[in-house]
Amino acid sequence: MLEKLNDSQLDFLKEIGNIGSGNAATALSTMIGKKVDISVPSTKVVPISQIPFIFENPEEIVCAIKMKMREDVEGEILLILNSKTVKEITKILTGNSLEDITSLDEFSSSMLKEIGNIMCGSYVTALSGFTSFFINPDPPELAVDMISAVLAEVSLSVSTTEDYILLIETSIKIEGIDKELTGYLLLLPNEESLEKILKKLGMWN
C-alpha cells in the first residue's frame, strides 16, 4: 500500500515529521546541553531492497535504534545513524573520540538508545496528536551492524504485506559542529494501521 501514497499524503506525513523533529530537537538540546536543529529534507516511499544504496557504502556499519509500535497503530519505527554521526554524537556525550562504532561502551550505547527514544518517540507523539490514536512504543533496542543486516531483519517483520518503506530523512545540526549530520527514520506501520491513519485524517482514497 505504501507505494500507492500520493503526493498530498506524503506531504502530510512529512509535516508530521517536521513537527516531531521540532520536539526532538528541544529534547535532544536539553540532553546534550547544546543548541540542536533537526529538519526533514525529504519523505519518500522506497523499496526495501533499495534502502542499502541510500548509503554511500551499503556494507557500512551503522547504528540502528528500533521501537515497536502497539495498540491503535502497530508496526515499527527505526532510526539509522551512519558511523560519522555516531562518532560525532558520542564525542559530545563522552568527550572521547570513537575509532570504531562496534566498540561502543555501555554509557554510549545507553545514550544512543535515549537519542533514538527521543527522535522516534517525538514522531510517534506527533502522529498520535494528529490522529488521536493511542500508540504505545516499546523500549528502544540498539543494533550495530551492516546496514544490509539491519534491514534484512526489518524486512522479515514486514515482508508478508509490504515491500516498501516510508523513509524520513533527517538533517541534524548541533552547535559547535560544522558538519551536517544525517539520520534516517524508517516508519513501518502495518497495512491495516496505515489505512486507519489515512482514514482518520480524511486522506483515504
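For reference, positions follow the sequence shown, starting with 1.
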Handout entry: Donor-acceptor pair, side chain of Glu60 and main chain of Asn82, under 3.5 angstrom
Key = no
Handout entry: Residues in salt bridge (Lys or Arg N to Asp or Glu O under 4.0 Å) contact with Asp72, at least two apart in sequence or another chain
Key = none
Practice task
Evaluate the side chain to side chain contact (heavy atoms under 4.5 Å, CB included) criterion for residues Thr90 and Met111: first the C-alpha distance (whole Å), next the side-chain angles of each, then the deciding distance (0.1 Å), finally the verdict.
Solution key: CA-CA 8 Å; Thr90 52; Met111 290 298 99; over 6 Å; no
Practice task
Could you go through the side chain to side chain contact (heavy atoms under 4.5 Å, CB included) check for Thr131 and Lys196 one step at a time?
Solution key: CA-CA 9 Å; Thr131 60; Lys196 282 172 62 178; over 6 Å; no
Exercise for the section: Assess the side chains of Ser108 and Asp105: does a donor N or O sit below 3.5 Å from an acceptor N or O? Expected result: yes
Fill in the blank from the handout: Residues passing the side chain to side chain donor-acceptor pair (under 3.5 Å) test with Thr182, sequence neighbours excluded, are none
Kindly list each side-chain donor-acceptor pair under 3.5 angstrom involving residues 115-123, sequence neighbours excluded, with atom names and distances?
residue	atom	partner	partner atom	Å
Ser122	OG	Ala24	N	3.4
Ser122	OG	Ile118	O	2.7
Tyr123	OH	Leu13	O	3.4

Practice task
Would you check if the side chain of Ser128 reaches a backbone N or O of Phe133 as a donor-acceptor pair within less than 3.5 Å?
Solution key: yes
Problem - Partner residues of Lys84 under the salt bridge (Lys or Arg N to Asp or Glu O under 4.0 Å) criterion, sequence neighbours left out - result: none
Handout entry: Approximate separation, where rounding is to 0.5 Å, of Leu112 CG and Leu142 CG
Key = 6.5 Å
Practice task
For Ser171 and Ser39, indicate whether the former's side chain and the latter's backbone hold a donor-acceptor pair under 3.5 Å.
Solution key: no
Handout entry: Polar contact flag, side-chain donor to acceptor under 3.5 angstrom, Thr26-Asn23
Key = no
Completion exercise
Sorted by chain and number, sequence neighbours left out, ring-ring contact (aromatic ring centres under 6.0 Å, His included) with Phe130 holds for Phe12
Practice task
Using salt bridge (Lys or Arg N to Asp or Glu O under 4.0 Å) as the criterion, list what pairs up with Glu169, not counting sequence neighbours.
Solution key: none
